[in-house]
Chemist: 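The structure under discussion is supplied below as structure tokens; questions concerning it will follow.
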Amino acid sequence: MSRDHVQSVRRPAPAPVAGALDLGADVLGGAEPAYLELLARGASAEAYEQPVLLARAENRPPERIAALERAKLLALRVRAELEGRRRREAELSALFETAHDLAGLRDVDAVLQAIVQRARSLLGTDVAYLSLNDPERGDTYMRVTEGSVAARFQQLRLGMGEGLGGLVAQTARPYVTDDYFRDDRFRHTLSIDAGVRDEGLVAILGVPLMLGPHVIGVLFAADRRARVFEREQIALLGSFAALAAAAIDTANLLTETRSAMTGLERANEIIKDHSAAVERASDIHDRLAELVLRGGQVHDVAAVVSEVLGGTVEFTDAADPRSLTTSRTEGHAVRHGDDWIAAVAAGGELLGALVLRGRPGLDPVDQRTLERAAMVTSLLLLARRSAAEAEQRVRGELLDDLLDARAREPRQLRDRATRLHADLDATHVVLAARPDGPAADAEAEAAARRRLWSAASRLAAARHGLAAARDGGTVLLLPLGPGDTATELARRTARHLGSAVRQPVTVGASGPVADLASRPDTVAVAYAEGRRCLDALHVLGRAGDGAAAEDLGFLGLLLAGERDVAAFVTRTIGPVVAYDTRRGTELVRTLDAYFACGMSPARTKDELHVHVNTVAQRLDRVARLLGDDWQSPARALEIQLALRLHRLGARPERR
């Protein structure tokens, strides 16, 4: 895809609430019932302003109006979350219904009509249509439309490379445009533009229908107004197109089989064998569709295919790389020794492979059965990923609310946590994690942070905790087990995350915190402590390690407490820092090197690569700024500590 597009699917707003709500009850009635009634009625977003406006018109007390404002914001958030969940459920339901419908179709025309109807419903577009390639004429022609009203548009033929559809058919890649007539990536022709203009289309998404490496047609979804299709919608339509192409192939295969049976009556035994193979393919197709509908898992697909093919099928991400690449490129299962390997891929992403063992010889129908099982496996993996990502977002939202102290109602916080199998009444530790190691560029660094957030979310779900991406890293809220300590938990988490993302991860932990539902402010305080501990580990050269503030000695006590560290640094070495800032000198660096070299000017000049007289002059300037007793044991200790805290406060670049 040449450009990324992100836009939510438009859904019609619920009907507004009829009439104003009766808010004449006194404040003891509470603000929540009015908004619960709005939620129950499915009111529009504008209706949520009515209770506040009415209260102001009636000159209700300010505390009443403030309570209504808070209730309104919470109700709108609940409404938005419900809308999002209904939208995701509708998309998955439509996809599963499509698999079920296609499983029962045998006529090619019925298959094509079902494809465009479901595509239009799936993306909520004005028009959906499907074109098929004509190998004899070398172009692609409009075969089926849904929602179209223009006769010229319904009869279009597109040469390879002409229009958006011709470009998709030629390149075998999906293309999307949010404004067709202003997009110059494809070749416009008078006939195609006239047809599109007659239909009134503006935004168009086209994905190829693939059989192996060959494009057999293009599936389109289009709107009569400007619209940006989201990445998830493009991937979903691509997966649907793959399923549709296989269904078209099955329908064509069955049609060809019926024709062959008519013309080959004399070869009765051959026909019987071929018919049995086709029925076996149909049976496995129906069984796989039923498995998808009842919410089966990847291992269920492997079990069904193992039973049908008489071998052992397993899903793995460690198949032979060369065979896996060939299978993904050609779109077919390939033989590797005595095994067969079928790539499991979706939307250009390789998810793994199905490996069949114990059947070195496969006829074409059994081979296609394995390939179809790989396609269904990719569908299940995408559905499972979507559900996992939704849960990760919900966990992150709850932790964000705790960190920002946006939600302060204990019962509501406990209810949200309970739905995620978390217990806010238990003792927890807040951990700040950040990936370490060299990054080639900003994109690689962003990818590392995404991998860390994903691994942290899985760990949080397994430990009944919470995780969220924050401040260039990840924050986790994990329960503290019996006999466990914050230090052990931090080190264990650093090892686990580092292994998951395959690079060092540094983790700083707060001290134990409890009663988070009643005191959400403690989460933000604990997070700040964990971040300071994380920064201290970097300053101390312990990147890739995990620790709590209690492990860092006197430095850790300063970081974990409420002391004014900045004031201590300013009071101790502030004149030197200010002098460097004004003059561009290196007195602070010289002090660091001086103490690191055992207060020896000779060794210091070697460390700084300057003349010993330069060191002496700089130290003389330090004495004038800090006083003649700056090298006394007590002052020297304070200055060294202030220098270390100054480096910590400078927030070194993340490695």
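These numbers were taken from a predicted model, which means no experiment stands behind them.
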Chemist: Within this structure, what is the CD1-OG distance for the pair I341 and S327, rounded to the nearest 0.5 Å?
Modeler: 8.0 Å

Chemist: Taking all non-hydrogen atoms of both residues, which atom of A456 and which atom of T474 are closest, and how far apart?
Modeler: CB-CG2, 3.5 Å

Chemist: The criterion is salt bridge (charged side-chain N to carboxylate O under 4.0 Å, His left out); which residues satisfy it with R182, sequence neighbours excluded?
Modeler: D179

Chemist: Restricting to non-hydrogen atoms, name the atom on L123 and the atom on A221 that form the minimum distance, rounded to 0.1 Å.
Modeler: CD2-CB, 3.9 Å

Chemist: For R152, give me all partners under salt bridge (charged side-chain N to carboxylate O under 4.0 Å, His left out), at least two apart in sequence or on another chain.
Modeler: D198

Chemist: To the closest 0.5 Å, what do you measure between CZ (R118) and CG (L219)?
Modeler: 13.0 Å

Chemist: Taking the side chain from R451 and the backbone from W453, do they hold a donor-acceptor pair closer than 3.5 Å?
Modeler: no

Chemist: Among all residues two or more places apart in sequence or in another chain, which pass the side-chain contact (heavy atoms from CB on, under 4.5 Å) test with R120?
Modeler: T125, A128, E146

Chemist: Under the rule for side-chain contact (heavy atoms from CB on, under 4.5 Å), what residues qualify as partners of L158, not counting sequence neighbours?
Modeler: T140, L156, I192

Chemist: Looking at every heavy atom in both L370 and A342, which two are closest together, and how far apart are they?
Modeler: CG-CB, 4.0 Å

Chemist: Looking at side-chain heavy atoms only, is the closest gap between V355 and F315 below 4.5 Å?
Modeler: no

Chemist: Counting C-beta onward and ignoring hydrogens, is there a side-chain heavy-atom pair between I216 and N133 closer than 4.5 Å?
Modeler: no

Chemist: Determine all donor-acceptor pairs shorter than 3.5 Å in which one atom belongs to a side chain in residues 199-211; sequence neighbours excluded.
Modeler:
| from | atom 1 | to | atom 2 | distance (Å) |
| --- | --- | --- | --- | --- |
| E199 | OE1 | S148 | OG | 2.7 |
| E199 | OE1 | V149 | N | 3.3 |
| E199 | OE1 | A150 | N | 3.0 |
| E199 | OE2 | V149 | N | 3.0 |
| E199 | OE2 | R224 | NH2 | 2.6 |

Chemist: Is there a donor-acceptor pair under 3.5 Å between the side chain of Q170 and the backbone N or O of L167?
Modeler: no

Chemist: Sequence neighbours left out, what passes side-chain hydrogen bond (donor to acceptor under 3.5 Å, both in side chains) with Y48? Give chain and number order.
Modeler: none

Chemist: State plainly whether the residues D320 and R322 are in salt-bridge range, i.e. N to O under 4.0 Å.
Modeler: no

Chemist: Does the pair R450 and S454 meet the rule for a side chain to side chain donor-acceptor pair (under 3.5 Å), with working shown?
Modeler: CA-CA 6 Å; R450 287 194 297 270; S454 179; over 6 Å; no

Chemist: What's the shortest heavy-atom distance between V127 and G147, and which atoms?
Modeler: CG2-O, 3.7 Å

Chemist: Might you point out which heavy atoms bring F186 and L164 nearest each other, and give the distance in Å?
Modeler: CD1-N, 3.7 Å

Chemist: Aromatic ring centroids of F220 and Y175 under 6.0 Å?
Modeler: no

Chemist: Is R185 close to T177 at the side-chain level, that is, under 4.5 Å between some pair of heavy atoms?
Modeler: yes

Chemist: Looking at CD of Q117 and CG of L130, how far apart are the two atoms once the value is rounded to the nearest 0.5 Å?
Modeler: 12.0 Å

Chemist: Sequence neighbours left out, what pairs pass ring pair (Phe, Tyr, Trp, His ring centres under 6.0 Å) with at least one residue falling in residues 141-166?
Modeler: Y129-F153

Chemist: What distance separates L354 CG from T316 OG1, expressed to the nearest 0.5 Å?
Modeler: 10.0 Å

Chemist: Sequence neighbours excluded, which residues qualify as salt bridge (charged side-chain N to carboxylate O under 4.0 Å, His left out) partners of R197?
Modeler: none

Chemist: Listed by chain and number, what are the side-chain hydrogen bond (donor to acceptor under 3.5 Å, both in side chains) partners of D249, not counting sequence neighbours?
Modeler: R368

Chemist: Can you list the residues that meet the side-chain hydrogen bond (donor to acceptor under 3.5 Å, both in side chains) rule with E314, with sequence neighbours excluded?
Modeler: R357

Chemist: With side chains defined as the heavy atoms from C-beta onward, is the minimum distance between R225 and D126 less than 4.5 Å?
Modeler: yes

Chemist: Do the side chains of L497 and L452 get nearer than 4.5 Å, heavy atoms only?
Modeler: yes

Chemist: Please identify each residue that fulfils side-chain hydrogen bond (donor to acceptor under 3.5 Å, both in side chains) with H188, with sequence neighbours left out.
Modeler: D193

Chemist: Can you list everything that forms a side-chain contact (heavy atoms from CB on, under 4.5 Å) with R137? Sequence neighbours excluded, please.
Modeler: D134, D139, R157

Chemist: Does a side-chain heavy-atom distance below 4.5 Å link R449 with P435?
Modeler: yes

